[in-house]
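Chain letters run A, B, ... following the sequence lines, proteins first, then strands; residues in each count from 1. Atom set for the values below is all heavy atoms of this structure, side chains included, hydrogens, waters and symmetry mates excluded. A quick note: this is a predicted structure, and the numbers were derived from the prediction, not measured.
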There are 2 protein chains.
Amino acid sequence: MKVYKIPEATVMRLSVYSRFLHQLLDEGVNTASSEAIAQGVGVSSAQVRKDLAYFGEFGTRGVGYRVDELYGHLKSILGLDHDWNIILVGAGKLGSALALYQGFAERGFHVSTIVDNDKKIVGNKLGMVTVEPIEVMTQRVKEKDIKVGVLTVPASAAQNVTDLLVEAGIKAILNFSPRVLKVPNTVILRNVDLSVNLEVLSFNLNMNKKN
Amino acid sequence: MKVYKIPEATVMRLSVYSRFLHQLLDEGVNTASSEAIAQGVGVSSAQVRKDLAYFGEFGTRGVGYRVDELYGHLKSILGLDHDWNIILVGAGKLGSALALYQGFAERGFHVSTIVDNDKKIVGNKLGMVTVEPIEVMTQRVKEKDIKVGVLTVPASAAQNVTDLLVEAGIKAILNFSPRVLKVPNTVILRNVDLSVNLEVLSFNLNMNKKN
DNA sequence: CCACTCTTGTGAAATAGTTCGCAATTAAGT
DNA sequence: ACTTAATTGCGAACTATTTCACAAGAGTGG
């Protein structure tokens with residue numbers, strides 16, 4: 001199980017495999033071949049096997065994979081076998097939606113703190129959590145040992161907030177703001193950019209029209 | 001300008017370049033070198049030049065790129081020089097947030113119809129648009145000639161809705177539901193999967209811990 | 001108008017990621 | 001036990017993407 005460098009695309013697919021396996025579990029399926037998984041998630045079977053091979057041998061030749069077993073391995077590989085505390089910075093439209101998003105909790109990401117700099121929003125309850133003023137951010141990250149921050153602030157505030165989070169000791173940031181953030185390379189950064197996704201669609205529509 | 005196949009990563013970066021150039025315009029910057037753009041968005045300068053080279057020669061040797069000019073080219077390449085009507089299917093937490101999301105409108109994506117199958121939600125106003133029952137979906141897509149659909153429905157409903165949209169003549173789908181969708185290859189599909197993003201973060205946190 | 005500096009555009013090389021093809025292994029049937 | 005069918009794991013071949021490196025322009029200053 002020597003791990004040099006796992007392609008990010010592989011990691012993303014592992015997450016999709018894991019979801020598909022969960023679906024199979026629900027349906028009471030016991031074993032699945034790489035081909036079955038491949039069909040289910042829309043990739044090639046060789047791809048599935050290659051992705052899994054980075055982490056070990058999970059299947060049985062001639063048979064396939066035991067669904068429950070492989071699911072367990074994937075959860076563990078993805079670090080989903082324990083919970084993560086997360087802080088949500090920015091409780092506007094998108095932030096509120098994410099705070100209430102079930103997918104977070106389902107995967108063990110627990111929104112334990114929400115902060116915003118708008119006095120009109122502070123005090124609101126989103127699910128079980130009350131929105132606090134941004135001033136307490138650093139303190140909360142430290143005292144609750146929060147590793148993951150989710151940013152849904154306007155672009156103009158993004159870098160500022162990021163610097164504060166980094167200084168407070170955050171380990172990973174999921175950034176929804178349309179701004180390229182600078183972080184030390186000890187901090188893991190992922191960007192989810194809704195405009196980029198729209199624009200890729202637009203590009204493809206535009207291409208199709210021309211050709 | 002012969003276009004065989006543009007890597008998707010290139011298209012995504014073009015979108016990011018375009019946003020950065022917009023920022024430079026705001027700051028009154030007239031010209032930018034590939035190196036300046038590269039610094040601004042966190043890629044290599046060679047990457048910037050290579051990406052642009054797919055579409056033509058936009059710079060001046062020894063000088064760089066005129067910001068306004070390159071911005072215009074990118075907008076046009078990305079198909080952002082005219083508006084797109086979009087339909088939003090699913091007006092729950094995430095759907096509502098997206099309906100009110102400014103980034104859509106800013107880039108010329110106009111949410112012209114919102115539908116949901118929950119009677120309690122139908123009739124609500126989100127911005128200028130009233131949520132309509134899902135039964136009118138097909139009709140609206142046809143009569144308004146809507147090309148782009150945004151899906152924020154539960155996984156269980158996703159494929160069903162997709163089939164209806166495809167049949168109604170939709171050209172592109174931005175899917176926020178955590179389900180792999182099957183569409184004919186005449187329809188452009190992009191998936192934005194919040195759980196996948198979280199899980200990639202989790203994976204990386206997990207790795208760091210171990211090494 | 002020459003020398004110098006800067007920066008693009010682009011083949012070529014290097015790196016990364018995907019697909020192919022098949023030996024190895026397992027189970028099932030006879 | 002033997003044969004057949006299924007399916008993994010994995011090296012090798014292939015394809016895609018990124019980086020390198022440099023010739024070709026373009027502006028600047030003397």
Side-chain angles (χ1 to χ4, degrees), chain A residues 1-17 20-21 24 29-71 73-74 77 200 203-204, chain B residues 1-17 20-21 24 29-71 73-74 77 196 200 203-204 207:
Chain A
M1 206 216 262
K2 53 171 139 177
V3 176
Y4 283 112
K5 176 75 189 312
I6 314 294
E8 171 162 312
T10 290
V11 180
M12 296 178 72
R13 284 190 298 266
L14 291 180
S15 166
V16 177
Y17 301 159
F20 181 67
L21 289 170
L24 290 183
V29 177
N30 286 317
T31 64
S33 66
S34 58
E35 182 57 35
I37 298 172
Q39 296 272 324
V41 307
V43 302
S44 72
S45 64
Q47 183 79 82
V48 172
R49 294 197 299 276
K50 202 61 150 182
D51 286 338
L52 296 177
Y54 282 108
F55 301 95
E57 303 188 7
F58 305 117
T60 309
R61 295 174 186 211
V63 180
Y65 303 88
R66 287 200 42 187
V67 174
D68 55 352
E69 202 178 293
L70 184 55
Y71 180 66
H73 281 302
L74 288 181
I77 289 165
V200 174
F203 171 84
N204 288 119
Chain B
M1 205 217 261
K2 55 170 138 176
V3 176
Y4 283 111
K5 177 73 191 310
I6 314 295
E8 170 161 312
T10 290
V11 180
M12 296 179 73
R13 283 190 299 267
L14 290 180
S15 168
V16 176
Y17 301 160
F20 181 66
L21 289 169
L24 290 182
V29 177
N30 286 318
T31 64
S33 66
S34 57
E35 182 58 35
I37 297 171
Q39 297 272 326
V41 307
V43 302
S44 74
S45 64
Q47 183 80 82
V48 172
R49 296 198 297 277
K50 205 59 152 185
D51 285 338
L52 296 177
Y54 282 108
F55 301 96
E57 304 188 6
F58 305 117
T60 309
R61 292 173 188 217
V63 181
Y65 303 88
R66 287 201 42 188
V67 174
D68 56 353
E69 202 176 293
L70 183 56
Y71 180 66
H73 281 302
L74 288 181
I77 289 166
V196 167
V200 174
F203 171 84
N204 287 119
M207 279 289 126

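Between F55(B) and I6(B) there is a side-chain heavy-atom pair separated by less than 4.5 Å. Counting heavy atoms from C-beta on, the side chains of V11(B) and I77(B) never come closer than 4.5 Å. Between S15(B) and F203(A) the shortest side-chain heavy-atom distance does not fall below 4.5 Å.
Between R13(B) and the phosphate of dT18(D), there is a side-chain N or O to OP1/OP2 separation shorter than 4.0 Å. Distances shorter than 4.0 Å separate some side-chain N or O of Q47(A) from OP1 or OP2 on dT19(C).
What separates CD of E8(A) from C1' of dT18(C) is a distance of 17 Å, to the nearest Å. Between the CG atom of D51(B) and the C1' atom of dA16(D) there is a distance of 14 Å, given to the nearest Å. Y54(B) has its OH atom 10 Å from the P atom of dA16(D), to the nearest Å. One can place NZ of K5(B) at 12 Å from P of dT18(D), the figure rounded to the nearest angstrom. Between the P atom of dA27(C) and the CZ atom of R66(A) lies a distance of 12 Å, rounded to the nearest Å. Here dG21(C) presents its P atom at 15 Å from CD of E35(A), a figure rounded to the nearest Å. The separation between L70(B) atom CG and dT7(C) atom C1' is 14 Å, rounded to whole Å.
Under the side chain to side chain donor-acceptor pair (under 3.5 Å) criterion, Y65(A) pairs with no residue, sequence neighbours left out. Taking the salt bridge (charged side-chain N to carboxylate O under 4.0 Å, His left out) definition, one finds that R49(B) meets it with nothing, sequence neighbours left out. Applying the side chain to side chain contact (heavy atoms under 4.5 Å, CB included) criterion to E8(A), with sequence neighbours excluded, gives M12(A), R190(A). Residues that satisfy the side chain to side chain donor-acceptor pair (under 3.5 Å) test with E57(A), not counting sequence neighbours, are absent from this structure.
When all heavy atoms of Y17(B) and I37(B) are compared, the closest pair comes out as CD2-CG2, 4.1 Å. The two residues S34(B) and S45(B) have their closest heavy-atom pair at OG-CB, 3.7 Å.
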Would you tabulate the nitrogen or oxygen pairs shorter than 3.5 Å linking the protein to nucleotides 2-5 of chain C?
none

For nucleotides 9-15 of chain D, just jot down a letter per nucleotide in 5' to 3' order: B, S or -, based on protein non-hydrogen atoms under 4.0 Å.
-> BBBB---

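Nucleic acid contact class of S34(A) (heavy atoms, under 4.0 Å, all strands): sugar-phosphate only.
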